[in-house]
Amino acid sequence: MCSDSEAVAREGARRFALQAAAAIQQHGRLAVALSGGSTPKRMYELLALEPYRDRIDWNFVHFFWGDERYVPFTNPASNYHMAEVALLNALGLQNGNVHRVHTELESADAAALAYEREIVSFFSPPPGQVPKFDLVLLGLGTNGHTLSLFPHSKSLIENSRVVVAEYIEEVKQSRITLTAPVANAARDVLFVVNGAEKAGVVKEVLFGPQDPERLPAQLIDTSAGTTTWLLDSAAAAQLPPGSFRILP
């Protein structure tokens, strides 16, 4: 637990840098799936500044997105666009390092299929296995959703696809998302959650009965590495005493 949202952003940036250094040393690259929304934006802004801008060898970092809204990639609501403005523009990366969802395609289903093919081509997993990201960054909605895995959606039970699209009635929008098995295959998953409005659902997801149909974030628990929840004090306010570690 961190004191506030700024401390969460700093700790998230620090952990990102450590993960990047370890992955690049171990196998020559970091493959990360970014999250969207307002919570990770400050973390991305910090990564674009010193000391992280020069500490990380960005030429060996490959950016993917855990989910995306089916909107033009220049739209302010686009998860790609947020990361582009907050981080990517400052890095001057080659096009081959940035793997966005091609929402300019004719449908969300077409965009999902194209993205699945790009991810599978990049990772080349053995037959019967899913791609293995080094790091997947996740947020949490007040309704318990993560990625674009929404309560009672069909995507929750998808086990054979890497990426799927679904129209989400709750937000009146088509979404493209990694599936839960892909997130769970990652070497490390980092949830980044801020705000008092998330306190109740954080407690339910972590300590309530298992009900992933209602609380999709309960589906995420990587067996290949670690799952870490990085919370500010407001988001952690309802957790049982002693169930978390206070970070400086």
Item to check | With sequence neighbours excluded, residues passing side chain to side chain contact (heavy atoms under 4.5 Å, CB included) with Asn89 | outcome: Glu84
Checklist entry - Does a side-chain N-to-carboxylate-O contact under 4.0 Å join Glu166 and Arg175? => result no
Item to check | Close side-chain approach of Val189 to Thr226, heavy-atom, < 4.5 Å | outcome: no
Checklist entry - Quick one: are Val32 and Asp134 in side-chain contact, heavy atoms under 4.5 Å? => result no
Item to check | Side chain Thr103, main chain Val71, donor-acceptor under 3.5 Å | outcome: yes
Checklist entry - According to the salt bridge (Lys or Arg N to Asp or Glu O under 4.0 Å) rule, which pairs have a member within residues 136-151, sequence neighbours left out? => result none
Next on the checklist: Just verifying a value: how many Å separate Leu91 CG and Asn59 CG, rounded to the nearest 0.5 Å?
Outcome noted: 9.5 Å
Checklist entry - Taking ILVMFWY side chains as joined if any heavy atoms are under 4.5 angstrom apart, and letting links pass through other members, which residues group with Val85? => result none
Checklist entry - Just checking, is any N or O donor in the side chain of Ser5 or Asp232 under 3.5 Å from an acceptor N or O on the other one? => result no
Checklist entry - With no hydrogens and no angle check, is any side-chain donor or acceptor of Thr177 less than 3.5 Å from a backbone partner on Thr179? => result no
Next on the checklist: Rounded to the nearest 0.5 Å, what separates atom CD1 in Ile176 from atom CG in Leu147?
Outcome noted: 13.0 Å
Item to check | Beyond-backbone contact of Trp58 with Asn97, side-chain heavy atoms, under 4.5 angstrom | outcome: no
Checklist entry - Can you check whether Phe73 reaches Val101 side chain to side chain, under 4.5 Å on heavy atoms? => result no
Checklist entry - If you link I, L, V, M, F, W and Y whenever their side-chain heavy atoms are under 4.5 Å apart, who else ends up in the same group as Phe150? => result Ile168, Val171
Checklist entry - Is there a side-chain contact between Arg187 and Leu135 (heavy atoms, below 4.5 Å)? => result no
Item to check | Sequence neighbours excluded - ring-ring contact (aromatic ring centres under 6.0 Å, His included) pairs with any residue from residues 163-185 | outcome: none
Next on the checklist: According to side chain to side chain donor-acceptor pair (under 3.5 Å), does anything in residues 46-56 pair up with another residue at least two apart or in another chain? List the pairs.
Outcome noted: none
Checklist entry - For Tyr44, what residues pass the ring pair (Phe, Tyr, Trp, His ring centres under 6.0 Å) criterion, not counting sequence neighbours? => result none
Checklist entry - Do Pro151 and Pro216 come close enough that some side-chain heavy atom pair is under 4.5 Å? => result yes
Next on the checklist: Quick one, Thr228 and Asp188 - any side-chain contact, counting heavy atoms below 4.5 Å?
Outcome noted: no
Checklist entry - What residues form a ring pair (Phe, Tyr, Trp, His ring centres under 6.0 Å) with His81, not counting sequence neighbours? => result none
What donor-acceptor contacts under 3.5 angstrom involve side-chain atoms of residues 201-211, with partners at least two apart or in another chain?
unit_1, atom_1, unit_2, atom_2, d
Glu204, OE2, Arg214, NH1, 3.2
Glu204, OE2, Arg214, NH2, 2.7
Asp211, OD2, Arg214, NE, 3.2

Checklist entry - Can you list the residues that meet the ring pair (Phe, Tyr, Trp, His ring centres under 6.0 Å) rule with Tyr70, with sequence neighbours excluded? => result none
Checklist entry - Hey, does the Lys NZ or Arg CZ of Arg29 hover above the aromatic six-ring of Phe63, less than 6.0 Å from the centre and inside 45° of the axis? => result no
Item to check | Electrostatic pair Glu158:Arg161 at N-O distance under 4.0 angstrom | outcome: no
Next on the checklist: Suppose the criterion is ring-ring contact (aromatic ring centres under 6.0 Å, His included): which pairs have a residue in residues 21-42, not counting sequence neighbours?
Outcome noted: none
Next on the checklist: Tyr115: which residues meet the ring pair (Phe, Tyr, Trp, His ring centres under 6.0 Å) condition with it, sequence neighbours left out?
Outcome noted: none
